[in-house]
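The block underneath contains the structure these notes are about, expressed in structure tokens.
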Number of protein chains: 2
Amino acid sequence: MKKITIGEAARQSGVKVPTVRYYESIGLLAAPSRSEGNQRSFEPADINRLAFIRHARELGFEIEAIRTLLTLQDDPHQSCASADAIAKARLVEVEQRIRSLMALKAELETMVEGCGHGRVDQCRVIEVLADHGQCTHPHH
Amino acid sequence: MKKITIGEAARQSGVKVPTVRYYESIGLLAAPSRSEGNQRSFEPADINRLAFIRHARELGFEIEAIRTLLTLQDDPHQSCASADAIAKARLVEVEQRIRSLMALKAELETMVEGCGHGRVDQCRVIEVLADHGQCTHPHH
DNA sequence: CCTACATCCTCTAGCGGCTAGAGGTGCAAG
DNA sequence: CTTGCACCTCTAGCCGCTAGAGGATGTAGG
């Protein structure tokens, strides 16, 4: 078969070379076979797996969650209830994070708008940071 | 004067005890005076400073940004342009992060809705993760 | 065949921002 | 005086990589 080097695998999957080795080291990716000169030789399936991992990481899933998702993918006859639960939990997290960031945004806007571009002792940025009680939006 | 222990300082500022020591170790907080038995003795001003740091951390500012904000606060005659710039940069980051999370949320919702709660081989969660091309929302 | 150069290998250490634990001391109440 | 909590220092660990040292391998051109 054609040998896929780690560089090729990295390029095709969008995962960086050291990160590929890191995923192997933590057991997220099976150790591939080696060439005579001890260089890794990946299969096309490995590239799919790497792309899966990358996509999941981009979606914010933690490594342990991805590990579970991958074992699910490896056994397609299982119920997908776990996958569903993981995705739902992540969705809740994301929604929470968005709410929190919106409050933050409002807070920062107030700070920036209030800054009269003068000296620090009239600066609303510093003032608001110094006194949480001045926060106009209930957050954090 | 009344001695404020590290535990008191932590309680009043909302920063955890080991974190207070950590902030001291990285020079974010001046080393306080010590009691005869070598225990830290804080001043009220230290509590304000800790609360400032905590608030800034909650707002997502990095330690180095906070360090700059603190030096600004220490010298109120300076122009607050730096503070303003830091806050504005943070605002841009937050806005970007919100946009990205909204796309993410949409993606996760599609995944979860598409899950027929059957077996993995029909599961949209796994499927979408495996094939980035199925993403309906342009994100990451 | 030889050389140059990119790519690969392993290994260790570092990033940010804490957090946990070991092993010991200080201090206030009963 | 003893109990027991809060404090002290120090080191190591968390996550998810990333950087760098120091060396081996693979490939293209001469």
Side-chain angles (χ1 to χ4, degrees), chain A residues 1-29 31-42 46-47 49-70 86 90 93 97 140, chain B residues 2-29 31-42 46-47 49-70 86 89-90 93 97 140:
Chain A
M1 333 298 175
K2 52 184 178 272
K3 52 197 162 182
I4 303 174
T5 67
I6 195 168
E8 255 313 298
R11 236 163 283 129
Q12 288 185 34
S13 65
V15 175
K16 288 183 196 159
V17 170
T19 308
V20 174
R21 285 195 277 250
Y22 170 71
Y23 288 159
E24 182 188 324
S25 81
I26 61 168
L28 213 52
L29 188 70
S33 57
R34 298 290 182 122
S35 76
E36 288 207 4
N38 198 34
Q39 304 206 191
R40 287 171 181 82
S41 182
F42 293 90
D46 294 322
I47 307 221
R49 199 172 175 94
L50 281 169
F52 183 108
I53 297 170
R54 186 196 157 204
H55 194 192
R57 286 295 299 143
E58 280 171 345
L59 289 167
F61 289 96
E62 289 176 7
I63 295 287
E64 286 316 301
I66 296 174
R67 201 186 289 279
T68 305
L69 289 170
L70 281 168
I86 291 172
R90 178 74 195 131
E93 274 171 40
R97 189 90 186 108
H140 44 276
Chain B
K2 55 184 176 267
K3 52 194 164 180
I4 304 175
T5 66
I6 195 169
E8 254 318 295
R11 234 162 286 130
Q12 288 186 33
S13 65
V15 175
K16 288 183 194 159
V17 169
T19 307
V20 174
R21 286 196 277 249
Y22 169 70
Y23 288 159
E24 183 188 324
S25 80
I26 61 169
L28 213 55
L29 189 69
S33 57
R34 299 289 182 123
S35 74
E36 289 208 3
N38 197 33
Q39 305 206 186
R40 287 171 182 80
S41 182
F42 293 92
D46 294 322
I47 310 235
R49 199 171 175 93
L50 281 170
F52 184 106
I53 297 170
R54 186 197 159 203
H55 195 191
R57 286 293 300 141
E58 280 173 345
L59 289 167
F61 290 95
E62 289 175 7
I63 296 287
E64 285 318 299
I66 296 173
R67 202 186 290 278
T68 305
L69 290 169
L70 282 168
I86 291 172
R90 178 76 195 131
E93 276 171 39
R97 188 93 185 105
H140 42 278

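Heavy-atom basis, side chains included; hydrogens, waters and symmetry copies ignored. All chains are named by letter (A, B, ...) in the order of the sequence lines, taking the proteins before the strands, and each is independently numbered beginning at 1.
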B/Ile63 has an atom CD1; how far is it from atom C1' of C/dC15, in whole Å? 13 Å
Can you tell me the distance, in whole Å, between the CG atom of A/Leu29 and the P atom of D/dC17? 13 Å
Taken to the nearest whole Å, OH/B/Tyr22 to P/D/dC10 is 17 Å
With heavy-atom distances below 4.5 Å as the criterion, would you say the side chains of A/Ser13 and A/Arg54 are in contact? no
Between D/dC17 (C1') and A/Phe61 (CZ): distance, integer Å: 20 Å
Answer with base, sugar-phosphate or nothing: what part of the nucleic acid does B/Glu36 contact at a heavy-atom distance below 4.0 Å? nothing
Can you tell me the distance, in whole Å, between the CZ atom of B/Arg67 and the C1' atom of C/dG16? 12 Å
Looking only at the side chain of B/Arg34 (C-beta and beyond, no hydrogens), which of the listed nucleotides C/dC8, D/dC8, D/dT18 gets closest? D/dC8
For A/Leu59, is there any backbone N or O sitting under 3.5 Å from a side-chain donor or acceptor partner on A/Arg90? yes
Verify the contact: side-chain N or O of B/Lys16 to OP1 or OP2 of C/dT19, cut-off strictly under 4.0 Å; return yes or no. yes
A/Ser35 side chain near D/dT25 phosphate (N/O to OP1/OP2, under 4.0 Å): no
Short side-chain N/O contact to D/dG26 OP1/OP2 from A/Thr5, under 4.0 Å: no
Do any side-chain nitrogens or oxygens of B/Tyr23 fall under 4.0 Å of OP1 or OP2 in C/dG17? no
When we call it a touch if two heavy atoms are under 4.0 Å apart, what does B/Arg21 touch: a base, just sugar-phosphate, or nothing? base
Look up atom CD1 in B/Ile47 and atom CZ in B/Arg11, then write down how far apart they are to the nearest 0.5 Å. 10.0 Å
Taking atom C1' of C/dG17 as reference, at what distance in whole Å does atom CZ of B/Arg54 sit? 16 Å
Which of the following nucleotides, D/dT25, D/dG16, C/dC27, is nearest to the side chain of B/Gln39? C/dC27
Rounded to whole Å, how long is the line connecting atom CG of A/Asn38 with atom C1' of C/dT7? 14 Å
If I take atom CD1 in residue B/Ile53 and atom P in nucleotide C/dG16, what distance separates them, rounded to the nearest angstrom? 16 Å
Taking D/dC7, D/dC17, D/dG16 as options, the one with an atom nearest any side-chain atom of B/Ile6 is D/dC7
Side chains of B/Ile63 and B/Tyr23 in contact at under 4.5 Å (non-hydrogen atoms): yes
Do the side chains of B/Arg57 and B/Ile53 get nearer than 4.5 Å, heavy atoms only? yes
Can you find a side chain N or O atom of B/Arg40 that sits less than 4.0 Å from OP1 or OP2 on D/dT9? yes
